[in-house]
Amino acid sequence: MSQSYDPAAVESAAQSYWEEQATFSVQEDDTREKFYCLSMFPYPSGHLHMGHVRNYTLGDVISRFKRKRGFNVLQPMGWDAFGLPAENAAIQNKVPPADWTYANIDHMRQQLQGLGLAYDWQRELATCKPDYYRWEQWLFTQMVERGLAYRKTAVVNWDPVDQTVLANEQVVDGRGWRSGALVERREIEQWFIRITDYADELLDGLEQLPGWPDAVKTMQRNWIGRSVGVEVQFTVDAAEQPLTVFTTRPDTLMGVTYLAVAPEHPLVDQAMAQGDEALREFVQSCRSSTVSEAVIEAQEKAGHALGIDAIHPITGERVPVWVANFVLMSYGTGAVMSVPAHDQRDWEFARAYGLPIKPVIDPAQGEADLDAGAITDKGTLIDSGPYTGLTSEAAFERIADALEKDGKGRRRINFRLRDWGVSRQRYWGCPIPVIREADGALTPVPAEDLPVVLPEDLAPDGSGSPLKGHAPFTEVVSPKTGQPAQRETDTFDTFFESSWYYARFCCPGLDTAMLDERANHWLPVDQYIGGVEHATMHLIYSRFFHKVMRDVGLVDSDEPFKRYLPQGMVLAECFYRESADGKKTYFAPDEVEIERDDKGRVIRAVATTDGAPVSVGALEKMSKSKRNGVDPQSAIQQAGADAVRLFMMFAAPPDQTLVWSDAGLEGASRFLGRYWRLVQAVVEGQAPGQGQVAADEARRKLHETIGKVTDDMDRRQSFNTAIAAMMELTNLLYKVDANGEGAAVLREAALALTQMLNPFAPHITHVCWQMLGETTPIEDATWPEADESLLVADSVTLTVQVNGKMRARIEAPADADEAQLQAIALADENVARFVDGKPLRRFIVVPGKLVNIVV
RNA sequence: GGGCCAGUGGCGGAACUGGUAGACGCGCAGCACUCAAAAUGCUGUUCCUUCGGGAGUGUGAGUUCGAUUCUCACCUGGCCCACCA
């Protein structure tokens with residue numbers, strides 16, 4: 001009597017084996033090629049969600065596969081442990097963020113272990129630990145030394161009641177989320193990192209990343225946004241300094257009818273000193289709105305004349321200067337030249353305020369109607385003095401030359417990418433290692449005094465960082481002067497921690513340096529996996545950090561991640577009922593019953609509570625408010641970790657959104673049961689089912705499957721089709737005649753299938769491998785090889801098309817020539833019927849696939 | 001406003017380099033086993049059809065002997081960023 005499949009028992013047996021044997025701890029080994037596989041580490045929010053499960057299963061499947069292919073695989077895991085949610089929880093529960101964070105880490109580590117992930121837990125790290133952040137503090141001081149970090153004022157959201165800086169997400173409808181007070185804009189001095197110094201290298205480096213999806217590289221290119229243009233200087237009577245603007249369209253310079261500057265521009269302060277009340281009010285209203293650019297965008301385009309004129313650098317004409325709420329101080333020079341005839345936004349602004357519109361370009365194509373909007377196409381210059389008649393491209397060069405010759409401008413490359421503001425007025429983050437001397441000078445903390453340890457026992461109450469005024473932290477003696485000084489209370493943006501963790505995993509336990517030679521053994525990461533929402537920010541910051549670490553001499557590679565697999569979101573169906581006023585009430589899936597017709601189509605859904613119908617909603621991101629969240633823990637309890645993993649990999653390609661389905665999970669579970677019974681039958685020397693499939697056909701299918709699964713997993717990373725191929729093989733094995741050669745083929749197939757399924761369902765295969773009598777642990781056994789000699793056939797089945805439509809299938813010798821094929825095809829009864837004696841115009845052969853007869 | 005991606009049966013998806021559209025799974029229907037049910041195994045399942053066949057991959061055009069795949073325009077949905085000059 002064979003045992004039945006009990007996921008819970010199988011999984012705990014396999015997991016305790018891995019723990020006892022330390023199966024997945026790894027050391028540098030020069031005899032084997034290394035493979036570093038990394039999934040983006042989680043923020044310890046308290047519990048694993050399905051997105052994590054998908055991410056980590058993908059990484060685990062790749063890691064286990066590569067190990068079987070002979071690589072020395074490093075797969076670590078850690079915690080992105082600083083951040084705002086810990087502070088919010090702390091305010092709510094009045095406990096220190098550290099306690100909350102560490103408790104969450106303990107719980108989530110257990111959850112991860114329950115998924116059977118092949119991590120080297122000895123390398124675990126948490127970014128909130130001093131032995132980790134100590135080194136980013138050190139790297140920051142190196143950046144200060146190299147001029148890569150500097151101080152600049154930046155605008156923040158200020159809550160005047162709570163006396164604290166707010167994150168954009170803490171501003172709700174322009175008010176502080178806790179106090180409800182109207183949020184103000186405040187300028188404060190902060191640290192910035194000169195990521196723009198590396199803009200060109202970050203852009204060019206994308207060429208060396210063939211393992212990254214084109215879509216992600218395109219997003220990064222657009223994010224970096226290199227644009228070639230000209231900086232133009234307009235003399236201003238009232239100011240000593242000329243007003244500098246950046247433009248990518250110097251060809252339209254002769255069409256400038258006004259200039260616009262940002263509300264924060266210094267020229268605005270100067271104009272306000274003239275005492276224009278209306279102007280003062282306008283600027284005040286701009287400056288008091290939030291910093292959220294999404295909010296600014298929703299505003300009407302508005303502006304006000306400054307009462308100042310500028311002198312056009314070529315014509316010498318006077319043009320008025322305006323302040324406008326859509327000009328950003330943080331991009332370019334904080335001032336723009338306005339050409340309403342050829343820029344849509346300038347056009348709208350000019351229309352609204354009655355400013356002149358002067359066309360200077362005749363578009364190359366199409367009708368142009370300046371009453372309908374701006375003409376933004378390039379073309380031929382008109383009404384442009386000496387430049388009239390030139391093309392836009394030629395005028396660009398001639399005007400740039402003229403400006404450079406007169407010292408009134410210069411060619412310049414501008415980036416959309418801005419320097420990275422890293423100061424945060426937060427408690428639960430890595431302290432910026434800087435001391436403010438009594439005279440206001442800033443001193444980076446010397447290496448021997450690092451780390452600057454964040455006190456972990458403080459509890460924020462919502463009114464600013466508790467570090468402020470916490471004397472044991474702030475009161476220090478300057479290492480430079482020996483005099484009393486104040487410690488900086490700002491902390492780093494948490495992207496700082498996540499920008500280099502991949503490197504630190506290589507050097508566990510190192511306490512004398514940030515990284516050592518082990519980093520160069522493992523880096524770059526061979527395979528990185530994580531949400532596509534990080535396509536720009538995190539993945540640019542990490543690439544930047546890597547280059548800085550290279551320039552400081554810590555690593556010798558240029559890029560951190562060789563191959564990147566962006567994984568899609570996990571969605572679920574949601575059910576709701578809409579009331580008369582449009583408010584939706586959501587129902588959890590277990591509160592809903594679905595009725596179908598006899599073809600399986602959904603007719604309607606009703607709530608089990610009252611039997612009344614509910615709407616079947618769209619697919620939505622899992623969330624509490626939509627009541628469509630599925631807890632991984634309960635899914636594991638219901639079907640086992642192997643089934644959850646298998647379903648996740650089977651239901652969709654890795655980079656596309658995945659729709660959670662309880663029925664689909666059952667399907668995965670059913671397949672595992674089918675596989676289990678197949679193994680039981682083989683162990684007992686019986687056939688798993690009934691049928692007459694011959695041994696050689698089964699063996700051929702087996703080796704075809706090995707070939708397909710190997711290619712799907714390695715080159716294509718198409719895990720759903722790899723699983724489909726294994727299911728197909730299993731279906732066939734159930735029909736194999738176990739007499740004679742059949743028994744041997746079944747055993748060969750069961751072993752190979754167990755190997756191929758192992759990365760997806762590591763527990764059940766671990767146990768089945770032992771049942772099949774194998775003594776080498778499956779984790780160390782090598783991946784099966786397809787026997788190519790079994791795959792060549794001497795006859796092939798070809799499709800016959802007549803005028804591109806499929807009409808018949810023929811058997812032909814594999815080496816048949818065109819004339820032979822034509823004869824065989826025309827001999828077919830159905831083909832003959834459609835050819836119907838008409839003259840043959842063409843005969844097309846696609847070797848091994850089809851022939852097409854054109855009549 | 002910009003960028004990126006995706007639209008294929010009742011559903012998730014497959015078709016890799018332009019070559020048999022719908023693999024595999026779910027759902028549904030039927031059969032076997034059973035006193036019965038569950039479980040399991042097997043069979044069928046794009047739509048229409050006068051049973052010859054016809055239509056069909058968001059819509060409309062184009063290239064081609066042949067288009068889910070390439071080109072153009074449009075529609076719909078999702079994600080990221082956003083007044084980026």
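In what follows, every chain begins at residue 1, and chains take the letters A, B, ... in the order their sequences are listed.
- Along RNA chain B, the nucleotide closest to A/Gln801 and the one closest to A/Ala215 are compared, and the more 5′ of them pairs with A/Ala215.
- Counting non-hydrogen atoms under 4.0 angstrom, A/Asn852 reaches a base of the nucleic acid.
- A cation-pi contact links A/Arg674 to A/Tyr734, judged by a cut-off of 6.0 Å to the six-membered ring centre and 45° from its axis.
- If you check every strand for non-hydrogen atoms under 4.0 Å, A/Lys217 touches nothing.
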What's touching nucleotides 23-26 of chain B from the protein side, N or O pairs under 3.5 Å?
residue: B/rA23; atom: O2'; partner: A/Glu728; partner atom: OE1; Å: 3.0
residue: B/rG25; atom: OP1; partner: A/Asn731; partner atom: ND2; Å: 3.1
residue: B/rC26; atom: OP1; partner: A/Arg670; partner atom: NH1; Å: 2.8

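- At a cut-off of 3.5 angstrom, the base of B/rC16 holds at least one donor-acceptor pair with the side chain of A/Arg716.
- Other residues, nucleotides and ligands contribute only 12 or fewer heavy atoms inside 6.0 Å of the CD atom of A/Gln690.
- No hydrogens or angles considered: nothing links the side chains of A/Arg410 and A/Gln233 as a donor-acceptor pair under 3.5 Å.
- The nearest heavy atom of RNA chain B to A/Thr333 and to A/Arg677 marks one nucleotide each, and the one closer to the 5' end goes with A/Arg677.
- Because its glycosidic torsion is within 90° of 0, B/rG52 is reported here as syn.
- In this structure, A/Asp712 and A/Ile723 have side chains that are not in contact, with every pair of non-hydrogen atoms separated by 4.5 Å or more.
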Derivation of the side-chain hydrogen bond (donor to acceptor under 3.5 Å, both in side chains) call for A/Trp660 and A/Asp662 = CA-CA 7 Å; A/Trp660 179 265; A/Asp662 284 326; 3.1 Å; yes

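- Both the sub-6.0 Å distance and the 45° axial angle are satisfied by A/Arg807 relative to the ring of A/Phe834.
- By the rule that a glycosidic angle within 90° of 0 means syn, B/rG9 counts as syn.
- Residue contacts shown for A/Met569 are limited to sugar-phosphate atoms, with no base heavy atom under 4.0 Å away.
- A/Arg226 comes within contact range of no nucleotide atom at all, as no heavy-atom separation falls under 4.0 Å.
- Only the C1' atoms considered, B/rU46 is 31 Å distant from B/rC79, to the nearest whole Å.
- On a pure distance criterion of 3.5 Å, a polar donor-acceptor pair joins the side chain of A/Arg715 and the base of B/rC16.
- Between the side chain of A/Arg249 and the base of B/rA85 there is no donor-acceptor pair of N/O atoms closer than 3.5 Å.
- Residue contacts for A/Arg221: at a heavy-atom cut-off of 4.0 Å it reaches no nucleic acid atom on any strand shown.
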